[in-house]
Each structure stands twice: as structure tokens, then as C-alpha cells.
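One structure is given here, and the rest of the page talks about it.
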Amino acid sequence: RTSVVSFQLQSGEASQSLELKVQGVIEERRGSEGKLRLTGYLHTSVGTECANLAVSALGLIGLTILLMIGYVVVWLATQTRKPNNTQVLMVVTVAPLPCVASFAGCGLCGYVGIKINILCLLAPFLALATGIDALFVIVGALKHVGAEAEIEDAIPKAVAHGGSAIVLTGGTSVLAFALAAITSLNFPGYCAFNLLLSVSIFLTNLGMLLVVPGLLTLNERRINAGREDLRPWRLRSQPPPA
């Protein structure tokens, strides 16, 4: 005779809890005749598993963000409108903005009832790439204005020139993923991923158009005031007199 015992394990319980449950069942059946077969079930959800996976991958996510910030700093740190200046602090401040927009998109989608799945973990990385492209565009547009223009004229020209490109490329991406979500309603996981990515890219480009011009203006004023880049509260040391 074979005795069958089933038990349920909630997601997140440690392996020690599973071991204790098995030992408890064995003790209860000790002395019984016949064989004992244990059947265990794991009670969980996709959302819970995604959260556990995200927590376990926080180190990799942080490393990726740091590498992208380093990449942006290397290429944009010296791309100022006026030569012989740097903008490291501005670039480092702007670079994490797409990731913040992605997490805001996750919160917004979760608030309206869209269930996050494993594919949605890719959204912050794709939004980060899109945001960095937009940053390159607007910084390049400001440098193209030239060093002769005043700040009051340079920033609006840069936003008008680079902003149109950001709106066009970002709007195309948002529309493409929104259409992909509409055409994949039979696949809820894929539909949620497309919706999240569409919202994340929209928020990323919106932040680039609203936040970056202000930071560029502050950076230009710092340069005109002769202050250091990473320590803007200090004036740059003047060269010794000849």
C-alpha cells in the first residue's frame, strides 16, 4: 500500500521551510505500513517571480547602468558649446533619467491593472538606450549653435533643432510599440511588455525635453561664472601671471 501526501509551498519560503515540512510529514507517517509518496506544489505568480528575479539581478542592472553612464561621460564630457570646458556633472545627472522613467512606467502600468511579466525587465535597458540617444541629439544641437550666441538664444535654438528630432524618433517608437500592443491582445504577456515600453519611452523623451534644457542652462551659467565642473561651488583656479 502506498500513502500519498500532498503539501503546498508558498513562493519566497526558504528551502529550510520545505525541509521542515517534509520532515514533519515523515514523522507523522512513521510506523505506517507501505510506501510513502510525497507530492509538493509551489504556489506562486508570474509577478512574484519577476520581483524575485529583479531583486536577484539588481547587481547586474546597477552594473549596466554604470557602464552606460561611463559611456556617455566618455563621449559627451567635453562636448560643450565653448571649448576647453567639461560637463561631467550634467551628463551624470541626466544619464539615470531613462531608468527612472522606466520604473515610473512600471508603477503607472501596475496602477491601471496591467500585470508585469518577465519580458518587462527589458524595458529599463531599452528606455536607457533611447534616452541616451536623445541626450546625444540635444547636446549636439547645442554645440552646433556655436559659442558666440548668448544662453538665452542658444538653449531655445538647441531645443527647437534637437527637440524636433527627439519628438519624431521617440514618437515613432511609442507609436510602433503601441500598435504592437494592440495587435498582440491574444498574448497578454507580450501586450503588457509593449505597453510598458511605449509608456517608458514616452516618459523618457518627455523628461529629456523638460529636464535636459534646464540642466544645460545651469551648466552654461556655471561655465560663464568660471566655476569647476564637479565642484560648482568653487571657482576655477586662475593660471599664474606670466
Does CZ in R227 sit with more than 12 non-hydrogen atoms of other residues, nucleotides or ligands closer than 6.0 Å?
yes
Contact between L196 and I114 at the side-chain level, heavy atoms closer than 4.5 Å - yes or no?
no
Residues I201 and G170: closest non-hydrogen pair is CG2-O, 4.1 Å
Decide whether V139 and F136 are clustered together by the hydrophobic rule: side chain heavy atoms of Ile, Leu, Val, Met, Phe, Trp, Tyr closer than 4.5 Å, transitively.
yes
The reported gap from NZ in K82 to CD in E148 (rounded to nearest 0.5 angstrom) is 9.5 Å
What distance do I132 atom CD1 and T204 atom OG1 have between them, rounded to the nearest 0.5 Å?
10.5 Å
May I ask whether L215 and V159 are part of the same hydrophobic cluster, defined by side-chain heavy atoms of I, L, V, M, F, W, Y residues being less than 4.5 angstrom apart, directly or through others?
yes
For the residue pair N219 / R81, report whether a side-chain donor-acceptor contact shorter than 3.5 Å exists.
no
Should we say atom CZ of F125 is surrounded by more than 12 heavy atoms from elsewhere, each under 6.0 Å from it?
yes
So, for A123 and S200, which heavy atoms are closest and what is the spacing to 0.1 Å?
CB-OG, 4.5 Å
Can you find a heavy atom in the side chain of M90 that is under 4.5 Å from one in the side chain of L218?
no
Nearest 0.5 angstrom please: T80 OG1 to E220 CD, how far?
7.5 Å
Kindly indicate whether the side chain of C191, heavy atoms from C-beta on, has any atom under 4.5 Å from the side chain of L195.
yes
Working to the nearest 0.5 Å, report the span between CG of L203 and CG of L108.
7.0 Å
Kindly indicate, with the supporting measurements, whether the criterion side chain to side chain donor-acceptor pair (under 3.5 Å) is fulfilled by R236 and N85.
CA-CA 11 Å; R236 286 182 293 184; N85 288 286; 2.8 Å; yes
Are L175 and L206 linked, directly or through other ILVMFWY residues, by side chains that come within less than 4.5 angstrom of each other?
no
Under 4.5 Å between side-chain heavy atoms, hopping through other hydrophobics if needed: is there a path connecting V100 to V94?
no
So, for P98 and G131, which heavy atoms are closest and what is the spacing to 0.1 Å?
CG-CA, 3.7 Å
Give the minimum heavy-atom separation between L89 and L230, together with the two atoms involved.
N-CD2, 4.1 Å
Is there a side-chain contact between D133 and T169, using heavy atoms and a 4.5 Å cut-off?
no
As an exercise, state the distance from CG of L209 to CD1 of I138, rounded to the nearest 0.5 Å.
6.5 Å
Heavy-atom pair of closest approach, residues L235 and A225
CD2-O, 3.5 Å
Is it the case that one hydrophobic cluster holds both V91 and V88, taking links as side-chain heavy atoms less than 4.5 Å apart, direct or via other members?
yes
Minimum heavy-atom distance R222-Q87, with the two atoms named
NH2-CA, 4.5 Å
Measure the CG-CD1 distance between L128 and I69 for me, rounded to the nearest 0.5 Å.
8.0 Å
Is the F193 ring parallel, tilted or perpendicular to the F177 ring (thresholds 30°, 60°)?
perpendicular
